[in-house]
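To start, the structure itself, in C-alpha cells.
Every chain is numbered from 1, with letters handed out A, B, ... down the list of sequences.
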There are 2 protein chains.
Amino acid sequence: MSMPRAVRHINETRTLEALRRNGPMSRADIARELGVTRSTASALVASLVDIGLLTDAPDGTTEPDTEKRTGRPGTRICVNAEHAFFLGIEVGVGRGSVAVVDLSGKVRATREYRFSLERTTPQKVAELVAKDVRKTLAELGTSPQLRGGIATVPGLVDFAGHVVRAPYLGWRDVPFLDLMRAALPEVELVGLENDANAVAVADMQMTPGARKNVVYLLLDTGIGGCAVADGKVLRGNNGYAGELGHIIIGDKGYSSSERSTVDGSLESYVGRRALFARHDHYGGRSERISDFLTALDAGEKAAVATLDDWTKQLGRGLASIVSVLNPEQIVLCGPLAPLFARGEASARASLGAHLLAGSHVPQLSLTHLGREAPAIGAALLLQHNLFAYDEELLFGG
Amino acid sequence: MSMPRAVRHINETRTLEALRRNGPMSRADIARELGVTRSTASALVASLVDIGLLTDAPDGTTEPDTEKRTGRPGTRICVNAEHAFFLGIEVGVGRGSVAVVDLSGKVRATREYRFSLERTTPQKVAELVAKDVRKTLAELGTSPQLRGGIATVPGLVDFAGHVVRAPYLGWRDVPFLDLMRAALPEVELVGLENDANAVAVADMQMTPGARKNVVYLLLDTGIGGCAVADGKVLRGNNGYAGELGHIIIGDKGYSSSERSTVDGSLESYVGRRALFARHDHYGGRSERISDFLTALDAGEKAAVATLDDWTKQLGRGLASIVSVLNPEQIVLCGPLAPLFARGEASARASLGAHLLAGSHVPQLSLTHLGREAPAIGAALLLQHNLFAYDEELLFGG
DNA sequence: TATGTTTGTTTGCCAAACGAACAAATTAGA
DNA sequence: TCTAATTTGTTCGTTTGGCAAACAAACATA
C-alpha cells in the first residue's frame, strides 16, 4: 500500500477502535482521542460513513450525561452495528456452541449443540455443526451481511487451519478448517483458533477496564490456557504457546497415565479426570462435576480432601505461570472453575507459598462468561482482525 | 508529535535499523529494503547525514562482492559509529563488567571488576563501579560522545530503577539507579535492567539470523531468564516476567531451603548451590564449577550421577517453558551452561519425555557470548532504544 | 564505440494532516 | 431578553512528505 494511503488506513482503524471502545462519540471527541485536529477527524468520519461502517447515533441513545456545561453539543456518531456480522463456532468435547456478533461487538445470537464423540468423525462433526449454523443464521435472517467465521477447537492449531492435536477430541492432524469449509460453503471461514485464546478475546472485549497482561486458564477435561502479554495473545513460534495445562509441576499426577496427558503436568493434577481419580483415591465417587460439587457441598470427607489437593496443586501451577509471565490478573474459566470458588483461600495460600516472599501476586478471578464464550470470542476475533493493523500508539497524544 | 513528522521519524528509524542490520548499503538498497522510492531514500539519508548519524562508507570497506554484473555502482553509506557511544554496566555476584558500544553496535571497550559482597553496601558498589567506568572511559578518551548508560543486576527491577529483589546480592528495595547516578554524575544513566534481559539483547544483536521467539536461561547461582516473544522482551505487568528459575517443577529441590529460593523451583534443582548440594549428596565435593567439571571429566561416579540428575531436572523445566512459550530456540548461558554440553543427550531426552508426543521441540544451544554479555547487552539496549519507535512493518512492501 | 543497466538526483504531483477562521448551537450571566 | 463565552463542525489555504517520471552519471558488455 502506498504510504499516504496507509496512514489514512491506520487512522480510520483507530477511529473505529475508539468508537467500539467508548460507544458513541462526537467528532471532537474522536479528534481528542486520536490526537488529530477536528478537521481531520471530520474527514475520517466522512470516509467511514461513506463506506457504511459508521452512522449518526440514534437520538435516543443514552447521552453520557457528563456535566458538560457550555458550548454547542456535538452530533454523536457510532459504529453501524448492522453493517457486518461475524460468526464464531466452538467445537468442544461432545458439545459446542455457535455465536454471531455484529460490527459493534454485540452478541446477536448464540446456540449450543451436542454430539457424541465416540460415534463420529471430524467430517461428521463439521456437517453437524454446519446444520446448527444454518439454523442460527436462519433465525437471524441476515446471511447477506455475514462477513465470515472462525472456528475453535480444544487443542493445538497451526496457521494453515489444521488441528495438530486435540487429545480429548481424539483428533490429530485433522484439516478441520477445510472440512468446515466443505460443509459450510456459504460462509467464508477464515481461520481456526484454540478455544482458550478465543475465551481470552471474549473476556477482554466484554470486561471493562482494559488489562494488558492477563492469563486465562480454561479448566475442563484438559487444561487450556492463553497468555495475553502487552495486549496481544502470545502465540510463540508455531502458534502453540499458552499450553498451560502441560507445565510440569510434579512427578506423576493423580490421573492414570494416558496418551493425552504428560505425567506430572498441571493437567494430570487438576484436570477433570485427575479430579475424579483423586476423589476415587479418597474413597469418594463422582462422574460429573456436579456430582463432585454436590458431595463437596454436603461436606463429604473424600470430596473435601480432594478439593484440598486440587487447590494446592493449582496453586503450584499458578506460581509457575506468575514467575514466567507476571500477569496483572489470572482468569479462571471452564466447568471446573467453581472448584476454585470453594477452595479459594487454600489455592491462594499455595500460590503464595510457591512464590518468593514479597512477589507480586496477580488478581485471581472467575470469569462471568457463559459456555458460549469460545464461540463469541472467535467471532470477536474476526471482528477485530477485519480492520486491525496491529495497533500501536504511533501518532497523536 | 505531529503526524507527518512522525512518519518521517519512523522512516528515519527504519533506515538506521536497516543499516545496523546489514552494514553499509547504497541508497538504492535502502529504498528496496524499506519499500520506498529511491528519491525518498535519498532524502532520508540526507537528513540523517545532516544530523551526523550516517556517513559515506570508507572506500576500503569490504564490498560484499555479490556478483552484481552491470550498472552504476552505488555509493555505500553506513552508520556513523563515532557519533554516539553507549555505556553498559553489569553488577553481578561479587563481580561485574563494564562495556562501551558505539552507534554501529560494535563493542569498543570492556572491563571486568570484582568486589566482595560481604563487606560492602550498594552505595559502595556503585562507587566502586563508577571508578571502573571512569577508567574505561579514560582509556577510550571519548566521554563527549557518550549518550548514556544502563546498569544490570541479577534480580527484579522495577520501572523506577529500584532493585526490588536481588537475592544473591542480598539486596531488597535498593534504589540502585539513584545510587549509581550519584556516584557517576557525568554519565546520564537512563535505566536499570535485569541481567538476563540484557544478555538476550546482546545475543539477538550479535547472532545473525533474527529469531522472533527465543528463551534465554542464565544458569548461575540463581537461574535467570528472559523470554523474547515476537521479537520483544516479555516484561509482564510489573516488569517481573521471565523469572524462569522460579517455576515449580517438584517438591523440594536439592539445595537446602533458603530464603533466596522457593522449594521445588527449577533453581532449587539446577542452580549452583543445588548442584554442589547434590554432588555432596552422592559423596562428591566441589566448591566451584571448575571443581565439578574436573571431577566429571575424570569420570567420578558422584559427579556423573549429579550431572544425570541435573540434566533430568533441567529437561523438566525446559518442558514447562516450551509449553508456555513455544520458542523457536532456547539459549543457555552462564557459568553452568557447560554442564549442558556434557549431558546434552540426557537433557534432551528428559525434555522430550515431559512433552506430549509430537510436540515441537525448540532448538537448544549454548551461547557463544563471554562474561561481559550483560554489560554489552545493556549498552546495546540503550543504543536500540534511543532511536526506536516500537518497530512494526507498517509501510512499504 | 555503442548499448544496456543500475544509481542518484531533480522536478512536479498528490494525499493527508495541520492551522486558522467562521458560522452554528448551546449555556451563563447581566 | 440580550449578550458573552464556549464548544462544535466545516471550509480553505498551507505544509509535510512520499511518489513518479525523467535524466545524467558510472559501470559492464559486445
Side-chain angles (χ1 to χ4, degrees), chain A residues 1-15 19 24-50 54-57 59 63-78 389 394-397, chain B residues 1-15 19 24-51 54-57 59 63-78 389 393-397:
Chain A
M1 185 179 335
S2 82
M3 205 294 299
R5 197 78 201 85
V7 172
R8 188 53 177 260
H9 182 244
I10 289 175
N11 280 331
E12 287 178 355
T13 308
R14 296 212 301 150
T15 306
L19 281 167
M25 301 165 77
S26 71
R27 290 165 174 80
D29 290 335
I30 293 171
R32 274 187 293 269
E33 177 102 358
L34 301 198
V36 299
T37 58
R38 289 202 306 278
S39 49
T40 301
S42 275
L44 287 167
V45 168
S47 304
L48 291 170
V49 169
D50 274 356
L54 301 183
T55 28
D56 288 295
D59 275 350
E63 308 208 359
D65 264 345
T66 73
E67 63 295 340
K68 193 180 49 179
R69 303 254 167 273
T70 73
R72 165 179 168 178
T75 60
R76 293 144 55 79
I77 49 179
C78 64
Y389 68 100
L394 270 175
F395 311 115
Chain B
M1 185 179 335
S2 81
M3 205 294 299
R5 196 78 201 83
V7 172
R8 187 54 177 262
H9 181 243
I10 290 175
N11 280 331
E12 287 178 356
T13 308
R14 296 212 300 151
T15 305
L19 280 167
M25 300 165 78
S26 71
R27 291 164 173 79
D29 291 334
I30 294 171
R32 275 186 293 269
E33 178 102 358
L34 302 198
V36 299
T37 58
R38 289 202 306 279
S39 49
T40 301
S42 274
L44 287 167
V45 168
S47 305
L48 290 170
V49 169
D50 274 355
I51 314 176
L54 300 183
T55 30
D56 288 296
D59 275 351
E63 311 206 358
D65 265 345
T66 74
E67 64 295 340
K68 191 179 51 179
R69 302 254 168 273
T70 73
R72 167 178 165 176
T75 60
R76 293 144 54 79
I77 51 179
C78 64
Y389 68 100
L393 236 169
L394 271 174
F395 310 115

What distance do [X] atom [atom1] and [Y] atom [atom2] have between them, rounded to the nearest 0.5 Å?
{"X": "A:R27", "Y": "A:T40", "atom1": "CZ", "atom2": "OG1", "result": "13.5 Å"}
{"X": "B:T15", "Y": "B:M25", "atom1": "OG1", "atom2": "CE", "result": "9.0 Å"}
{"X": "A:I30", "Y": "A:L48", "atom1": "CD1", "atom2": "CG", "result": "8.5 Å"}

Could you state the atom-to-atom distance from [atom1] of [X] to [atom2] of [N] in whole Å?
{"X": "B:L48", "N": "D:dG17", "atom1": "CG", "atom2": "C1'", "answer": "14 Å"}
{"X": "B:R76", "N": "C:dT6", "atom1": "CZ", "atom2": "C1'", "answer": "15 Å"}
{"X": "A:D56", "N": "D:dT8", "atom1": "CG", "atom2": "P", "answer": "16 Å"}
{"X": "A:I10", "N": "C:dA17", "atom1": "CD1", "atom2": "P", "answer": "10 Å"}
{"X": "A:I30", "N": "C:dA17", "atom1": "CD1", "atom2": "C1'", "answer": "16 Å"}
{"X": "B:L44", "N": "C:dT9", "atom1": "CG", "atom2": "P", "answer": "12 Å"}

Would you say [X] reaches [N]'s phosphate, i.e. side-chain N/O to OP1/OP2 under 4.0 Å?
{"X": "B:T37", "N": "D:dA20", "result": "no"}
{"X": "A:R8", "N": "C:dA17", "result": "yes"}
{"X": "B:N11", "N": "D:dG18", "result": "yes"}
{"X": "A:R32", "N": "D:dT8", "result": "yes"}
{"X": "B:S42", "N": "C:dG8", "result": "no"}

Checklist entry - Side chains of B:D29 and B:S26: is there a donor and an acceptor less than 3.5 Å apart? => result yes
Next on the checklist: Quick check: closest heavy atoms across B:C78 and B:L19, and the distance to 0.1 Å?
Outcome noted: CA-CD2, 4.4 Å
Next on the checklist: Quick check: closest heavy atoms across B:R38 and B:A28, and the distance to 0.1 Å?
Outcome noted: CD-CB, 3.9 Å
Next on the checklist: Treating A:R14 as the side-chain partner and A:L34 as the backbone partner, does any N or O pair qualify as donor plus acceptor under 3.5 Å?
Outcome noted: yes
Checklist entry - Between C:dC18, D:dG9, D:dA28, which nucleotide gets closest to the side-chain atoms of A:R27? => result D:dG9
Item to check | Nearest-nucleotide pick for B:V36, side chain only, options being D:dC19, C:dA17, C:dG8 | outcome: D:dC19
Next on the checklist: Please determine whether any donor N or O and acceptor N or O are separated by less than 3.5 Å between the side chain of A:S39 and the base of C:dA17.
Outcome noted: no
Item to check | Side-chain donor/acceptor of A:R38 to base of D:dG9, under 3.5 Å | outcome: yes
Item to check | Touch class at under 4.0 angstrom, heavy-atom based, for B:S26 against every strand present | outcome: sugar-phosphate
Restricting both atoms to N or O, compile the protein contacts to nucleotides 23-25 of chain C shorter than 3.5 Å, with distance only.
{"unit_1": "C:dA24", "atom_1": "N3", "unit_2": "A:R72", "atom_2": "NH1", "d": "3.4"}
{"unit_1": "C:dA25", "atom_1": "N3", "unit_2": "A:R72", "atom_2": "N", "d": "3.3"}

